[in-house]
Amino acid sequence: KLRFPTSLSIRAQAVPALTQDDLKKLAADKAVDYVKSGMVLGLGTGSTAAFVVDKLGLLLKTGQLTDIIGIPTSKRTEEQARSLNIPLTTLDEHPVLDLAIDGADEVDPDLNLVKGRGGALLREKMVEAASKSFVVVADETKLVSGLGGSKLAMPVEVVQFCWKYNLVRLQEMFKEVGAEAKLRLTPEGKPYVTDNFNYIVDLYFETPIRDGVAAGEEIGKLEGVVEHGLFLNMATAVIIAGKNGVEVKSK
Ligand code: 5RP
């Protein structure tokens, strides 16, 4: 397992206006510092993880990294990695990974996460759970005091069969905290279908989830629920880029 500092701040150079993409790239570059030749790597999904994959492709091309092999967490990431000639494998072939690097939608002070707004939560959770180290890359807008606190979606992947039945059960489960459950739709208004041919019910919380472990367990008990976007006690380290620099946090 890799070792990370409990807290490390690296001040950014005084760049007048860093865009959100600049920050994502800063976090991605810092995470790639932990990649060594010969590693089996989990390749995340989303705009921040895409910077990681780009960088890996570049380092392979220039010979600064050799013999790495990646397990993509979505069809999108698989396509990107293939276009960069990053060798790929599967969890079946390599059930233990050295390091997975991925973005997140929310990061709480205990390094618990909400993931899956990009729809890849199931493969992400499988790959990241199988990894000896899991490093999260994010810009500072992802920091929350409690999960669900951004008021944006907390995804739950459900089978297509009787999805409405499960949407109602999820809505009922969080009725007391005023959460709303909605089927995720494409821009064309059709149900969003995941890489695993399932649907996504997004939960919108009024207030942060008080007990993430209990919430995750309750959701997981529902028949027909495939996975949820609460990634609890999974991150080894979080690399957060903000206007003042990059911070590496681990527990
Ligand atoms: C995809 C994810 C992403 O990691 C998450 O949505 C963050 O994406 P981005 O880096 O584009 O903000 O969980 O399922």
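As the structure lists them, so they are numbered: ligands from 1, and atoms in each ligand from 1. These figures come from a predicted structure and were not determined experimentally.
Partners of K151 under the salt bridge (Lys or Arg N to Asp or Glu O under 4.0 Å) rule, at least two apart in sequence or in another chain, do not exist in this structure. Residues that satisfy the side-chain hydrogen bond (donor to acceptor under 3.5 Å, both in side chains) test with E106, not counting sequence neighbours, are R117, S150.
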Could you list the donor-acceptor pairs under 3.5 angstrom formed between side-chain atoms of residues 230-242 and any protein atom two or more places apart in sequence or on another chain?
residue	atom	partner	partner atom	Å
N233	OD1	K251	NZ	3.0
T236	OG1	F134	N	2.7
T236	OG1	F134	O	3.4

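Going from atom CG of L26 over to atom NZ of K243 covers 10.5 Å, rounded to the nearest 0.5 Å.
Counting non-hydrogen atoms of other residues, nucleotides and ligands closer than 6.0 Å to CE of M173 gives a total above 12.
For ligand 1, the 4.0 Å heavy-atom shell takes in T45, G46, S47, T48, D102, G103, A104, D105, K115, G116, R117, G118, G119, A120, E124, K142, ordered by chain and residue number.
A continuous path of Ile, Leu, Val, Met, Phe, Trp and Tyr side chains, each step under 4.5 Å between heavy atoms, connects L99 with V52, placing both in one hydrophobic cluster.
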